[in-house]
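What follows is a single structure, written as structure tokens, with notes after it.
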Protein chains: 2
Amino acid sequence: MMNNEQPLTCSHTHSASPVLPVVDPESLERAARLFRALGDGPRLRILHLLLRGETCVSEIVTATADKFSTISQRLRILRSEGLVRRRRDGSHVYYALADDHVKDLLRNALAHARELDSPTISQLPSEDD
Amino acid sequence: MMNNEQPLTCSHTHSASPVLPVVDPESLERAARLFRALGDGPRLRILHLLLRGETCVSEIVTATADKFSTISQRLRILRSEGLVRRRRDGSHVYYALADDHVKDLLRNALAHARELDSPTISQLPSEDD
DNA sequence: TCACCATTTCATCATTTCATAAAATAGCAA
DNA sequence: TTGCTATTTTATGAAATGATGAAATGGTGA
């Protein structure tokens, strides 16, 4: 058993910390929020659907077989991070990917996920690498 | 009050669904997990630290002033998604970004977050765009 | 105006995630 | 072996997130 945590006595030679490449915590948080919005299967599925082009909420609901309020919440989160934009036409509301950057981000991630056979947490790489 | 949910009677002309660009759910989930691992400020901070190069756990602990077990858990999650690799040298364990792709991903996201003033959920864009 | 359809918001519950203490494991040296 | 330092694992409580029913809002047309 170890006295546990903190009182850190690590005394090996660390390369004298050459000042962190400073990134204001704001940006870090913003980036994290963006990734978090993307980090959900169902939401990613919606974004993927939108790769086909502008789509109205009802279409998304029928395409995914989810509840209206469920889809609406997902869209709200995606919109709050600037991933999708919306446009109202009469009684319908249409959503679309916010810009080409989002499209690239999406396509890259999906391509990467398709090729890279990322291990599950229960199948961690044995030891170092 | 509305009978609410499902029984969807949306009858406007939808462009006849031309078969979704099929992406197996597996890939979607994998991509989502990757994004989720990135979608956390503290974890992103570690990755950012690692942009400076291979770093041992103790260094990360002192640099971030977090508990050892906390850092270890974060590293585990990052590793489980293949974002970092580790190498043992004697009694120390060194972590590094898994590959250049991760570096790019990171730099892009941070740059994007720095410029884009992504609104908080409480500051949603007024109406359509 | 009323009635109806499309969508969003609100409140709640279930699930997941996060940080952490405690205990376990691993390497090294006496 | 014992003892020490470095790191990981396990268990757990607290906080965040996700899905959803119910109610509210907004648009359209009679």
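Convention: sequence-line order gives letters A, B, ...; per-chain numbering from 1. Not measured: the values here are computed from a predicted model.
Taking 4.0 angstrom as the limit, B/Y94 places none of its side-chain polar atoms (N or O) nearer than this to OP1 or OP2 of D/dT7. Side-chain nitrogen and oxygen atoms of A/T70 include at least one within less than 4.0 Å of the OP1 or OP2 phosphate oxygen of D/dT20. B/S72 has a side-chain polar atom (N or O) that falls below the 4.0 Å cut-off from OP1 or OP2 of D/dT8.
Note: A/L78 CG to A/Q73 CD = 11.5 Å, rounded to the nearest 0.5 Å.
Residues satisfying the salt bridge (charged side-chain N to carboxylate O under 4.0 Å, His left out) test with B/E26, not counting sequence neighbours, are B/R30. In terms of the side chain to side chain contact (heavy atoms under 4.5 Å, CB included) criterion, A/S72 has no residue partners (sequence neighbours excluded). With sequence neighbours left out, the salt bridge (charged side-chain N to carboxylate O under 4.0 Å, His left out) criterion links A/D24 to no other residue. Annotation: side chain to side chain contact (heavy atoms under 4.5 Å, CB included) contacts of A/I60 (sequence neighbours excluded): A/I46, A/L49, A/L50, A/T55, A/T64, A/I71, A/L75. Every side chain to side chain contact (heavy atoms under 4.5 Å, CB included) that A/A32 has, sequence neighbours left out, goes to A/E29, A/R36, B/L44.
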Contact list (N/O, under 3.5 angstrom) for nucleotides 15-18 of chain C vs protein:
unit_1: C/dT17; atom_1: OP1; unit_2: B/R36; atom_2: NH1; d: 3.0
unit_1: C/dC18; atom_1: OP1; unit_2: B/R43; atom_2: NH1; d: 3.4
unit_1: C/dC18; atom_1: OP1; unit_2: B/R43; atom_2: NH2; d: 3.1
unit_1: C/dC18; atom_1: OP2; unit_2: B/R43; atom_2: NH1; d: 3.2

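Closest approach to the B/H92 side chain among C/dA6, D/dT7, C/dA21 is made by D/dT7 (side chain taken as heavy atoms from C-beta onward).
To the nearest angstrom, C1' of D/dG18 lies 16 Å from CG of A/L38. In this structure, B/D89 atom CG and C/dG27 atom C1' are separated by 11 Å, rounded to whole Å. What separates CZ of A/F68 from P of D/dT25 is a distance of 18 Å, to the nearest Å. Across the protein-nucleic acid pair, B/E59 atom CD and D/dA6 atom P stand 12 Å apart, rounded to whole Å. When rounded to the nearest whole Å, the span between CZ of B/R76 and C1' of D/dT9 equals 9 Å. When the P atom of D/dA6 is taken as reference, atom CD1 of B/I60 falls 14 Å away, rounded to whole Å. A/L75 has its CG atom 12 Å from the P atom of D/dA19, to the nearest Å. At whole-Å resolution of the value, CG in A/L78 and C1' in D/dT17 are 14 Å apart.
Both A/I71 and B/V57 lie near DNA chain D, and the one whose nearest nucleotide falls closer to the 5' end is B/V57.
Taking only distance into account, the side chain of B/Q73 never meets the base of D/dT8 through a donor-acceptor pair shorter than 3.5 Å.
Of all the heavy atoms in B/A37 and B/R43, the pair that sits closest is O-NE, 2.8 Å.
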